[in-house]
Amino acid sequence: MPVVTRIAPSPTGDPHVGTAYVGLFNYALARRHGGRFVLRLEDTDRQRYQAEAEERILAMFDWLGLRPDEGPGIGGEHGPYRQSERLAHYQAAAQRLIDDGHAYRAFETPEELEAMRLEQRRLGHDPGYDGRGRLVAPEEQARRAADGEPHVVRLRTPDAGDTGFTDLLRGEVRIPNAEIRDTVLLKSDGFPTYHLAVVVDDHSMGVTHVMRAEEWVTSTPIHVLLYRALGWALPTFVHLPLLRNPDANKTKISKRKMDTSVESYRQQGILPEALLNFLGTMGWSMPDGREVFSLDELVAAFDPARISLGGPVFDLKRLRSLNARYLRDVLSIEALGERVRPWLLERGITVDDEDYLLDALDVLRPRAETLLELTDQLVPFFESRLRYDVDARRRLAAGQSYLEDLERAFAALEWFDDDDVDELLRGYVQRQAVPMGKVMMPLRVALTGTTQAPGVVDLVVIMGKERTMERIGQALQAISEGLPDDDPERLKAEAEAAAKEAERAKRGRRPLTAAERG
RNA sequence: GGCCCCUUCGACUAGCGGUUAGGUCACUACCCUUUCAAGGUAGCGGCACGAGUUCGAAUCUCGUAGGGGUCACCA
C-alpha cells in the first residue's frame with residue numbers, strides 16, 4: 001500500500017512556520033516511500049477565513065520547494081481539495097451517522113449552551129455539553145429539521161469505558177470516554193467541524209499516515225470513534241511535538257510571542273533551504289549526526305520513528321546561524337550571486353559586471369547572516385555616492401591627510417593587484433610611523449562608508465583603481481564640506497534615525513516586494 | 001482543575017543496560033588580524049528528583065516534581 005500523507009492548513013492568517021514544519025515531515029515521509037503528498041485547505045471556518053491566505057499558503061510551499069502531488073491548483077483524482085467545496089461529502093457522512101444512531105441533531109441555541117455552561121460552573125462541574133439533545137426523539141429531530149429549525153449534528157459518544165489509539169511515537173494512548181463530549185460534527189451553517197471533515201477527507205483521499213501537531217492528541221479518540229462508526233480503517237497516527245516559544249516555560253509557538261510568519265523570514269533574507277534544514281532539526285536528527293542537510297537528504301534518511309518528543313524551542317539565533325552557514329559554505333558563489341540579484345534590484349542596483357559581484361560576495365559572505373545583511377553590505381560596492389554613518393565620519397575627519405597622500409599614491413600605482421596594493425599601503429604606514437589602523441580605517445570608511453567592512457587591501461583590489469580613486473576623492477570632498485562632528489544636533493538626529501531603522505529592521509515586517517516574490 | 005503527553009548542557013540534539021555522556025548553536029578565553037566577521041585551538045556547561053529491577057542504569061518499572069497540550073457551532 002502506498003504511503004499517503006497530507007498537510008491541511010487553514011487559510012486564516014499569515015503562512016505559519018508550524019505549517020511549514022508539519023508539511024516538511026509529511027512531505028518527507030511520502031517522498032521517502034514513493035507515495036503521495038496531498039495539500040488540502042481546511043477552510044470550514046467562514047468567520048476566520050481569509051481569501052488571500054490561501055494563495056499565500058500555496059506560495060509558501062512553492063517557495064520552500066515542498067511540492068504537493070495533489071492539491072488546490074494542482075489537481076488530483078481525490079479532489080476537490082478545498083473543504084468548502086466538499087460539503088456534500090460531510091453531509092452524506094453525517095446523514096449516515098444519524099441513520100445508524102451514531103449521531104443526532106441537536107437544537108440548542110448558543111445562548112442555551114452558554115446558560116448551561118454557566119450553570120455547570122455554578123455547581124462546580126466541568127463545563128461541557130451534557131448530551132441533552134439525545135433526549136429528543138429521532139422523529140422529532142427529523143421533523144424540526146425538516147421545518148427548518150437551525151441545528152447542529154453531534155456525535156453520540158460512549159459514556160463509559162475509554163477510547164484509545166496507537167501513536168507511532170507514544171504507543172497506546174487511552175482517554176476515558178467521560179472526557180469526550182458529544183462533539184459537534186456539522187455546524188448549523190452546514191459546514192463540518194474539523195473532526196468530521198478530517199476523518200471524511202483523510203479516508204476518501206486515501207491518507208495512510210496522519211502526521212500532525214501534538215495538540216490533536218486528545219481529540220484523536222473522537223476521530224477513532226468516527227472511523228469505527230463509519231466502518232473505515234484507521235490510519236497510522238503520528239503526533240509531532242509542538243514548536244515552542246523561547247520563553248521560560250516553552251509555551252506553544254504563537255505569533256504574540258515571536259515571529260511565526262514564513263513570509264517574514266523570507267523578507268529578512270532567510271533562505272528556504274536553511275529554513276527547511278532548521279525545521280528539520282526540530283525533533284528530528286539525521287542518523288549519522290549531520291546537521292547541515294538538504295531536503296533531498298532529509299527525504300532519503302527520513303524515519304518518523306527517530307522523531308524526539310521534547311518540544312523544541314524555535315531559536316532564532318540558531319536559524320540565523322544556519323542561514324549564515326548556507327551563505328558562506330553551502331551555496332556556491334555563483335548561486336549566491338543569483339540569490340542576491342533580486343535584492344539588489346530592489347535597491348535599484350542592476351549588476352552588469354558579474355565578476356565584480358562575485359568578488360565582492362567572496363569577501364562579504366562570511367560577514368552576513370541573511371540576504372538582507374548581505375545586500376546592505378553589497379550596496380556600497382555599487383552605489384556611486386556613499387553615505388557615511390556617524391562613526392564613519394569621525395574616522396574620515398581624523399584621516400584627511402592620509403587620504404590625501406593615498407590619493408596621490410594610488411594615482412601613481414599602475415597595477416591594483418594584491419601584492420602591489422599591500423606593499424603600497426604597508427610602505428606608507430611604515431613611513432608615517434603610525435599604527436596600521438590610523439591609516440586603514442579612514443580608507444576603509446572612504447571606500448565603504450562604514451567601519452565594519454572587509455580588509456582594506458581586498459577592498460581596494462576588488463574595487464580597482466577607478467572606484468578607489470573616486471571614493472577617496474568623494475571622501476575628501478565630504479571632509480572639506482564639513483563633517484557633522486562639529487554639529488552635535490545633526491549627529492544626534494542621525495543616531496536616532498539609525499536606532500529607529502534598526503528597530504524597524506528587527507521587526508522585519510513589510511509586504512513582500514516584487515523582487516522577493518520573483 | 002479533570003484528562004492526555006513530555007523531561008539529556010542556556011538552545012537543538014546523539015544515546016536505545018556497560019560511553020571519560022558525543023556533536024551543533026550560543027557563551028568565555030586565546031591564536032590570526034588594519035576594523036568587523038570568518039577560521040583555528042581550548043574551555044564552560046547536562047542525564048529533574050526518589051525508589052525499585054539488574055552484577056551494572058541517561059537508557060527498564062513505579063512514584064514525585066516540573067513543563068506543555070486539551071477541555072468551542074476554531075482549526
Side-chain angles (χ1 to χ4, degrees), chain A residues 8-12 42-45 47-48 106 108-110 113 117 124-129 150-154 162 167 169-170 173-176 178-181 183-189 191-195 197-198 212-221 239 241-242 244 246 248-252 278 281-292 306 308-322 324-325 328-329 363-369 377 391 395 425-426 429 435-445 448 450-457:
Chain A
S10 194
T12 53
E42 310 229 324
D43 57 346
T44 56
D45 184 342
Q47 253 73 260
R48 294 197 301 155
E108 295 80 21
T109 63
L113 294 175
R117 278 188 278 265
H125 298 156
D126 286 342
Y129 188 69
H151 64 279
V152 299
V153 174
R154 286 182 184 270
D162 51 30
D167 181 277
L169 298 167
R170 281 159 260 259
V173 177
R174 308 203 72 83
I175 308 256
E179 296 289 325
I180 308 170
R181 306 291 178 161
T183 325
V184 173
L185 263 20
L186 221 48
K187 299 183 259 187
S188 57
D189 63 1
F191 278 64
T193 59
Y194 174 82
H195 306 297
V198 77
R212 83 238 285 194
E214 185 178 10
E215 57 192 334
W216 295 110
V217 166
T218 47
S219 48
T220 302
H239 289 94
L242 255 18
R244 307 299 180 91
N249 281 343
K250 303 187 182 181
T251 46
K252 171 167 90 164
F278 175 71
T281 65
M282 305 269 88
W284 161 263
S285 62
M286 280 293 214
D288 64 4
R290 256 177 303 169
E291 283 164 3
V292 178
R306 280 189 63 81
S308 63
L309 293 177
V313 172
F314 193 97
D315 180 358
L316 225 48
K317 269 186 169 171
R318 271 187 69 235
L319 207 210
R320 292 177 63 89
S321 143
L322 190 60
R325 182 79 185 272
R328 65 171 190 269
D329 287 336
V363 293
L364 254 22
R365 72 205 293 212
R367 281 160 235 270
E369 288 192 316
Q377 297 176 47
D391 191 35
R395 305 296 195 145
L425 255 13
R426 282 181 195 282
V429 168
M436 274 273 196
K438 283 275 190 204
V439 176
M440 296 300 208
M441 194 48 95
L443 181 52
R444 169 176 296 110
V445 169
T448 65
T450 171
T451 54
Q452 299 178 10
V456 168
V457 174

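Throughout, a chain's letter reflects where its sequence line sits, starting with A, and its residues are numbered from 1.
- Using atom C1' as the reference point in both B:C47 and B:A37, the two lie 36 Å apart (nearest Å).
- The backbone N or O of A:T44 sits less than 3.5 Å from a side-chain atom of A:K187, completing a donor-acceptor pair.
- In this structure, A:E215 atom CD and B:G69 atom P are separated by 9 Å, rounded to whole Å.
- No N or O donor and acceptor, one from the side chain of A:E214 and one from the base of B:G69, sit under 3.5 Å apart.
- Distance A:R306 CZ to B:A14 C1': 8 Å, rounded to the nearest Å.
- Side-chain atoms of A:D315 and A:P246, non-hydrogen and from C-beta on, never get closer than 4.5 Å to each other.
- Base-pair partner of B:C62: B:G50 (Watson-Crick or G-U wobble, both distances under 3.5 Å).
- For A:S188 and B:C73, a side-chain-to-base donor-acceptor distance below 3.5 Å is present, hydrogens and geometry of angles not being considered.
- When both distances must be under 3.5 Å, the Watson-Crick or G-U wobble mate of B:A37 does not exist.
- Remark: A:R154 qualifies as a cation-pi partner of A:Y129 under the 6.0 Å distance and 45° angle criteria applied to the six-membered ring.
- Between A:R290 atom CZ and B:G23 atom C1' the separation is 14 Å, expressed in whole Å.
- A:R290 and A:D288 are joined by a salt bridge, as a carboxylate oxygen and a charged side-chain nitrogen come within less than 4.0 angstrom of each other.
- Counting heavy atoms from C-beta outward, A:L169 and A:L309 have side chains that approach closer than 4.5 Å.
- Residue A:R365 is classed as having no contact, given no heavy-atom separation below 4.0 Å to the nucleic acid.
- With a cut-off of 3.5 Å on both Watson-Crick or G-U wobble distances, the partner of B:G1 is given as B:C71.
- Using a 4.0 Å heavy-atom distance criterion, A:R48 is classed as a base contact.
- Among the protein residues, A:P9 comes within range of no part of the nucleic acid, since none of its heavy atoms lies under 4.0 Å from any strand.
- Residue A:D315 is the one, among A:R181 and A:D315, whose nearest nucleotide of RNA chain B lies closer to the 5' end (criterion: closest heavy atom).
- Nucleic acid contact class of A:S308 (heavy atoms, under 4.0 Å, all strands): sugar-phosphate only.
- Separating the C1' atom of B:A48 from that of B:G66 is a span of 7 Å, rounded to the nearest Å.
- The side-chain heavy atoms of A:P241 and A:S308, taken from C-beta on, include no pair separated by under 4.5 Å.
- Using atom P as the reference point in both B:C16 and B:C32, the two lie 42 Å apart (nearest Å).
- Of the N and O atoms on the side chains of A:T281 and A:R318, at least one donor lies less than 3.5 Å from an acceptor on the other residue.
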Could you run down nucleotides 26-40 of chain B 5' to 3' and tag each one B, S or - for protein heavy-atom contact under 4.0 Å?
S-------BBBBSS-
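- Pair assignment for B:A57: none, as no Watson-Crick or G-U wobble contacts are both less than 3.5 Å.
- With a cut-off of 3.5 Å on both Watson-Crick or G-U wobble distances, the partner of B:U20 is given as none.
- Between the C1' atoms of B:G43 and B:A26, the separation comes to 14 Å (whole Å).
- The aromatic rings of A:Y194 and A:W216 sit parallel, their planes meeting at an angle under 30°, below the 60° perpendicular limit.
- A:Q377 comes within 4.0 angstrom of nothing in the nucleic acid, heavy atoms only.
- Counting non-hydrogen atoms under 4.0 angstrom, A:T450 reaches nothing in the nucleic acid.
- Between A:V184 and A:F278, the one whose closest nucleotide on RNA chain B sits nearer the 5' end is A:F278.
- Comparing B:A75, B:G2, B:U13 by their nearest atom to the side chain of A:E179 picks out B:G2.
- A:S188 contributes no side-chain N or O that, together with a main-chain N or O of A:P150, makes up a donor-acceptor pair within less than 3.5 Å.
- Pairing partner, B:G45: none, since no Watson-Crick or wobble contact has both distances short of 3.5 Å.
- As rounded to the nearest Å, B:U24 and B:C9 have C1' atoms that lie 12 Å from one another.
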